[in-house]
Every structure is written in structure tokens, then in C-alpha cells.
Amino acid sequence: MTDVPSGAVPRAPKLRAIAWRDIVAALRLGIRDFARAPLYGLFFGGVFALGGVAIFLFLGVLDAPWMIIPIAIGFPLVGPFAAAGLYEVSRRLARGEPLTWKGVLVTVFRQRERQLGWMAFVVLFIFWVWVYQVRILLAIFMGFSAPSTLDRFLTVVLTTQSGLTFLAVGTLVGLVLALILFSATVVAMPLLLDTELDFVTALITSFQSVARSPLPMLGWGVTVTALTLLALAPAFLGLVVIMPVLGHATWHLYALAAGKESAA
């Protein structure tokens, strides 16, 4: 973590604008970190994959196929918080510090006592707003008796006027919430791991960073979401590799914005 003199109030770092070359550099550095510490990446990637399988099975037990849409979109968006361990691995590699399981896991568990823990409430609040708005839209456009099986649900959504309207409106609202969540977390998550800032300041700093570089940042958000959704396809197995690379890359994107690294 960034050293702050005793009694001093930590201040948010001045983040520079992100360019497209920074996005490319962050991905390259993310791949490099995964190659340098593959066991750590596979471990945290496995956590993502197991979480995805558990959610899918959970939805099957509940007979609530309509929940698959918000879960599928929301699952990759909560990734930055769960990737705290990957941020720590990248930070230690960049600083040349010893990389040990104890050191990394202790840092992750300590986040529940720090400001990063409060960000979980922000993430979960936005996520549950997304889930409930899908349920409301389902009731509005398709009635309260939603199909009870996935096959039937997909048939109704993709082949009926009400289903297509539900899908269009739900996607539009979901995109707005996804943009809010992405803007709130893309910088705030690694920033809170790296500093002693309060989570409100980190949120504001994250939104400011996105506003300062809207196109590259949105491009990064689209890249993260597309790669993660693609990784969900083969029984969530793609998450074992994709999520570690994206987690490492997110840390380096923050480090580039904070002037801790160079895109060269």
C-alpha cells in the first residue's frame, strides 16, 4: 500500500488521461503477469469458474431461468472486486517483492477491514437493482407467469413481440447500470487496494478517470465484458485464464493512469 505519514489525510492521486496505447499495454502486461505467476492466476481464475458453475446450478434448482440474463451480465461486472488477489500479485511483481501465497491471501482477507470492503455494498447494490429491474420488466412485458424452463424462456423471449420488447428494454437499462458500475469500480478497486483513501473519494476518482478518457475507458469496458462473456461459453472454463489476465491488466491500467508505470 502507498505509504502515508502518520496523521496525514490521504489524497487521491492525480490520474492522467488514458490513451488507446495504454489499453494495449495493460493487456500485454496482464498476459505477462499471468505467464510469470500462472499458479496464482489459475487459482483465482478457478474461483471465478467455480462461482459461475455454482450460480448456474443454483438457478437450475430455483427454476428461475429469467435470472440467467442478469446473472450472465452481472457476473463479469463484479470481477474487479474478486480480483483483489490478482491486483496484489501484479503489484508485488512490479515492485519486485516476494510473491507468496500467505502474503497474497492475507492481503486479500484484510480488505474486508479496509475501505475496499465497503465497495462490496456499492457493487451489490447496483447488481441487485439490475436483478430487480429485470424482474419488474418481466412482469410488465411477459406477465407474472414466466416460463419455468430455460428452453421455453428463450423461445418466448426470442420469438414473441413481448419477449423481444422485454429483451430490448432490459438490455438498454442493463447497459446504463453496467456503465455506472464500470465507471465506479474500474479505478476505485485497485486504488483502494493500493492506498488508504476512503471509498467515496475512490468512487469519485474512478468516475473522473472515465470522464477524462471516455472512449478508451469505454473501449476497455467493452473488451472486459466481451472477453468475459466469451469465456462463459465453454462451461465457464474460459474464466480460468481470461479472468486472471483481465485482473492483472486492470491493475496495470490503474498503474499507468497513476504514473506508476510507462506504456512504452
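What you see is a predicted model, and the numbers here were worked out from it, not measured in a lab.
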Shortest non-hydrogen contact between [X] and [Y], atoms and distance:
| X | Y | result |
| --- | --- | --- |
| S213 | I18 | OG-N, 2.6 Å |
| G170 | Q133 | O-NE2, 4.1 Å |
| S90 | H248 | OG-ND1, 2.7 Å |
| Q115 | F199 | OE1-N, 2.8 Å |
| T201 | D198 | OG1-OD1, 2.7 Å |
| V89 | A37 | CG1-CB, 4.0 Å |

Is any side-chain heavy atom of [X] less than 4.5 Å from a side-chain heavy atom of [Y]?
| X | Y | answer |
| --- | --- | --- |
| V187 | V210 | no |
| W101 | F43 | yes |
| F34 | L42 | yes |
| W251 | E88 | no |
| L93 | R36 | yes |
| I180 | I126 | yes |
| P190 | L253 | no |
| P13 | L197 | yes |

Common cluster, [X]/[Y], ILVMFWY with side-chain heavy-atom separation under 4.5 Å:
| X | Y | result |
| --- | --- | --- |
| V24 | V224 | no |
| L29 | L193 | no |
| L256 | V245 | no |
| L86 | I31 | no |
| F125 | V122 | yes |

Carefully, step by step, assess L246 and T228 under the rule side chain to side chain contact (heavy atoms under 4.5 Å, CB included).
CA-CA 9 Å; L246 293 177; T228 307; 3.5 Å; yes
Would you compute the distance between atom [atom1] of [X] and atom [atom2] of [Y] and round it to the nearest 0.5 angstrom?
| X | Y | atom1 | atom2 | answer |
| --- | --- | --- | --- | --- |
| L39 | F44 | CG | CZ | 11.5 Å |
| L172 | L167 | CG | CG | 11.5 Å |
| R95 | K260 | CZ | NZ | 6.0 Å |
| M189 | D194 | CE | CG | 15.0 Å |
| E261 | D22 | CD | CG | 10.5 Å |
| L164 | T159 | CG | OG1 | 7.5 Å |

Is it the case that more than 12 heavy atoms not belonging to R16 sit under 6.0 Å from its CZ atom?
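Yes, because the 6.0 Å sphere around CZ of R16 holds more than 12 heavy atoms from other groups.
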Tell me, with the steps shown, if L137 and T165 meet side chain to side chain contact (heavy atoms under 4.5 Å, CB included).
CA-CA 9 Å; L137 291 175; T165 304; over 6 Å; no
Judged by atom type as modelled, is there a donor-acceptor pair below 3.5 Å linking the side chain of [X] to the main-chain atoms of [Y]?
| X | Y | result |
| --- | --- | --- |
| Y40 | V104 | no |
| T107 | G103 | yes |
| D33 | G30 | no |
| S206 | A202 | no |

Carefully, step by step, assess L27 and W220 under the rule side chain to side chain contact (heavy atoms under 4.5 Å, CB included).
CA-CA 10 Å; L27 279 172; W220 174 243; 3.6 Å; yes
Only one of I140, V156, V134, T171 passes side chain to side chain contact (heavy atoms under 4.5 Å, CB included) with F166; say which it is.
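So, applying the side chain to side chain contact (heavy atoms under 4.5 Å, CB included) to F166 and each of I140, V156, V134, T171, only V134 qualifies.
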So among V240, L239, I242, which one has a side chain to side chain contact (heavy atoms under 4.5 Å, CB included) with F48?
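Only one of V240, L239, I242 forms a side chain to side chain contact (heavy atoms under 4.5 Å, CB included) with F48, namely L239.
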Apply side chain to side chain contact (heavy atoms under 4.5 Å, CB included) to residues L15 and Q208 and explain how you reach the verdict.
CA-CA 9 Å; L15 303 181; Q208 289 175 337; over 6 Å; no
